[in-house]
Amino acid sequence: MIPKAMETFLRERLPERTWRNRLVRQGGRAYMEFGPLDVERLARLGVEVDSLGPRLVVCMWDEQSPLEIGGYLVVDNLAMGRPSMGGIRMLPDLTPTTIHNLARGMTLKNAAADLPYGGGKCGIVAGHDLSPEEHRRVVRGFARLIHRYRDIYLPGPDVGTNDADMKTVAIENGLDNALSKPADMGGNRIDQLGAAAGGVIIALESLLHEMPRLRSLPQFAGLEVPEPQDLTVLIQGFGAVGAHAARILQERLPQARVVGVSDELGYLYCEAGLPVQELFETWQTHGPVTRRYYKAHVAKARPGMSEVKFGSDPNDLLRESAFCLIPAAPIAHYLDVVPETRPCMTVDRMGRWSLIVEGANTYSPDLARKAIRARMEREVYQQRGVMIAADYLVNSGGVIFAAQERLIKTPQDLRIPDSMLGDAQGVEGWLREHQAELQELAEKRRLAAEAYRDEVIRRNMRELVDLLISDPDMLPCEAAEHISVRRIAARESDRTAADIMEPIPTARSTDTVQQAARLLVQADSPILAVLTEQGALGGVVTEWDITQATAQGAPDDVPLERIMTRRVVSAAPDEGILELVRKLEIHEISAMPVVEEGRVRGMVSSDLLARRSLLRLLQSQGAAGSHAT
């Protein structure tokens, strides 16, 4: 059944006519889909259409399940490539706005990582009180819902889901239709390996090398970058990213000190450094560590523990000082200038830091939230001289690892037979039979991911510092977005008519106007190609041509050769998007066939360009480039 919170939200936001017109039922599953032209409907859902997306927003649920199974999918952007990639979040209060914000973050993250995949995200609306078996059943049911979109969306884990859940999805939908699977499926298990956290620490390492160049900016004139033995780090959110970040920091820079950590139960601080390995093992076994560590060590005043401070308010960690803060809690709004926006900490009360490396997803395309972010950076970066590395530039290790499961293909003989999909017991047996080969595949993917993650994130940090130095007025959030959007625009500018064209209905010159009208309606097309006896393009007939012929009293059996346009404006398959737009505008037409060596291959239209391309982005980038020159 549809989750009650989801139904309440949708009933409040969408009028009854939208339910009637957009609700599609398929095998006991219900879907409502919205595209970039549904501006008003998406606004009702709290999603704003802009030059990047979204490409598709889906509200979906299982009508036959006695459990509440439902949620949202947002495919934000496919300019970098198909399919989109992004995790499945599972929380009780998810809305399309939240999922769109996260999907946009994935668009920018995948672009920053220069991966040939778009940005997407899913959200399951479900409470925290599910039993393990109910949780598995909900994930399994949701996997069946998203199977419909497997060509444009690949899921991985996110808050509320994990690598084991991706195994459940893969059992239902196939090995190539889920990411971050366990090693016994050849997966890169990003949670177990701490893939995102590794990227955060690589960014920190890289910035220790790059930051001295910032001294050319007035706010960094007195910047002191510590040696590894003097490096101190605070980690807000000792969870899936934060705990692994602490572990990996100790492995890569063993002399560095993690001086403070927080979780939902409080925070710990020790200037001499906290016992990272002990805290990590506690987290793996018990979850939240701060209160447990306090009761076991600090409260009993064991020798050597008097220097450890415990606070019951996790946010107070941000009042402590260190060289670097790593925000890794699932909180987007960790810092602001004013208390009215309810940040974790206000700037006037924050500790003394020189660097913030964002491990948690903080990006939002919402204009109000972007303005709040810019206000914070003007104070923290420009006035206080604290370097900020945005989330999607540094925590892309997870998607980089996940992408290897797509880039390094699963051999045909290691793919679960279609007849076995959905049979958990049968799949487990099949996996055991192929254990050695799948483990070898997993190791190959892991090594490729580690090498690529290191290369990409170091490049991102170098480009970030380059941009900030080149423009003293630029904020880190602006520089980060510039890096990603520039890559998206470059990839989009390479797309051609062949990449976006749709099929075009065809007819013979002897067919009648009535037959042509029927074809246009059936194909929902604005144009029809008229072919010669040899199959070459002889002309085109548009909706306007038929309307004009009818208005002039032409009988229904008039042949198309009497009304068709013979001098056809057409596109070649290799013509770029901006050239297609130019032709449509110059000739004042709404659609044209795509022709190669006299043969019709498809069609492009102004509507199609609006739906399948980032035309506004390309035009804005072109205008910016012209202005710069």
Run the salt-bridge test on E463 and R487 with the 4.0 Å N-O cut-off and return the result as yes or no. yes

Residue pair E358 / T362, side-chain donor-acceptor N/O under 3.5 Å: yes

Verify, without hydrogens or angle tests, whether T97 (side chain) and G46 (backbone) share a donor-acceptor contact under 3.5 angstrom. yes

Could you tell me whether the side chains of N361 and N395 share a donor-acceptor contact shorter than 3.5 Å? yes

Salt-bridge present (R189, D163; N to O < 4.0 Å): no

Test: E172 and K167 ion pair at under 4.0 Å: no

Is K370 salt-bridged to E481, cutoff N-O under 4.0 Å? yes

Scan side-chain atoms only and decide if S354 and R384 contain a donor-acceptor pair under the 3.5 Å cut-off. no

Before accepting this row, confirm whether a basic side-chain N of the pair R247/E251 lies closer than 4.0 Å to the acidic partner's carboxylate O. yes

Between D191 and H244, is any side-chain donor less than 3.5 angstrom from a side-chain acceptor? no

If you measure from the Lys or Arg side-chain nitrogens to the Asp or Glu carboxylate oxygens, is any gap between R446 and E450 under 4.0 Å? yes

Donor-acceptor list for residues 216-242 side chains, cut-off 3.5 Å, not counting sequence neighbours:
{"from": "S216", "atom 1": "OG", "to": "R213", "atom 2": "O", "distance (Å)": "3.3"}
{"from": "T232", "atom 1": "OG1", "to": "F323", "atom 2": "N", "distance (Å)": "3.0"}

Donor-acceptor pair, side chain of D471 and main chain of D473, under 3.5 angstrom: yes

In terms of heavy-atom contacts, does CD of Q284 have more than 12 from other residues, nucleotides or ligands at under 6.0 Å? yes

salt_bridge(R458, D454) N-O dist < 4.0 Å: yes

With the threshold set at 4.0 Å, does a side-chain nitrogen-carboxylate oxygen contact exist between K121 and D158? yes

Before you tell me yes or no, could you show the steps for L73 and Y153 under side-chain contact (heavy atoms from CB on, under 4.5 Å), namely the whole-Å CA-CA distance, both residues' side-chain angles and the distance that decides it to 0.1 Å? CA-CA 9 Å; L73 164 65; Y153 172 68; 3.6 Å; yes

Count the heavy atoms of every other residue, nucleotide or ligand shown that sit under 6.0 Å from CD of E271, and state whether that count exceeds 12. no

Determine yes or no for a side-chain-to-main-chain donor-acceptor pair under 3.5 angstrom, with S470 supplying the side chain and L467 the backbone. yes

R375/D336 ion pair, N-O < 4.0 Å: yes

Going by atom types only, do E281 and Q277 share a side-chain donor-acceptor pair under 3.5 Å? yes

Any luck finding a side-chain donor-acceptor pair between D348 and T346 under 3.5 Å? yes

Exercise: identify the closest heavy-atom pair between A5 and P92: CB-O, 4.2 Å

Would R137 and E134 pass as an ion pair if we require N to O under 4.0 Å? no

Checking salt bridge (Lys or Arg N to Asp or Glu O under 4.0 Å) for the pair R291/D263: CA distance, chi angles, key distance, verdict? CA-CA 9 Å; R291 190 177 296 275; D263 55 30; over 6 Å; no

Would Q382 and L475 satisfy side-chain contact (heavy atoms from CB on, under 4.5 Å), going step by step from the backbone distance to the final call? CA-CA 8 Å; Q382 290 183 333; L475 297 173; 3.5 Å; yes

Apply side-chain contact (heavy atoms from CB on, under 4.5 Å) to L207 and V465, showing your working. CA-CA 9 Å; L207 286 169; V465 173; 4.1 Å; yes

Check the pair E377, R373 against salt bridge (Lys or Arg N to Asp or Glu O under 4.0 Å), reporting the backbone distance first and the verdict last. CA-CA 6 Å; E377 290 196 357; R373 171 68 180 230; 2.8 Å; yes

Checking the side chain of N110 only, and the main-chain atoms of M80 only, is there a donor and an acceptor separated by less than 3.5 Å? no

Hey, does the side chain of Y363 reach the backbone of L108 with a donor-acceptor pair shorter than 3.5 angstrom? no

Quick one, V399 with L115, criterion side-chain contact (heavy atoms from CB on, under 4.5 Å). Give me CA distance, side-chain angles, the key distance, then yes/no. CA-CA 9 Å; V399 73; L115 293 170; 3.9 Å; yes

Between K309 and E320, does the salt bridge (Lys or Arg N to Asp or Glu O under 4.0 Å) criterion hold? Intermediate values first, please. CA-CA 11 Å; K309 177 167 54 175; E320 305 292 351; 2.7 Å; yes

Only one of K109, M106, R104 passes side chain to side chain contact (heavy atoms under 4.5 Å, CB included) with Y392; say which it is. K109

For Y452 and Q404, test the side chains for any donor-to-acceptor distance below 3.5 angstrom and give the result as yes or no. no

Is the distance from the ring center of Y72 to that of H100 below 6.0 Å? no

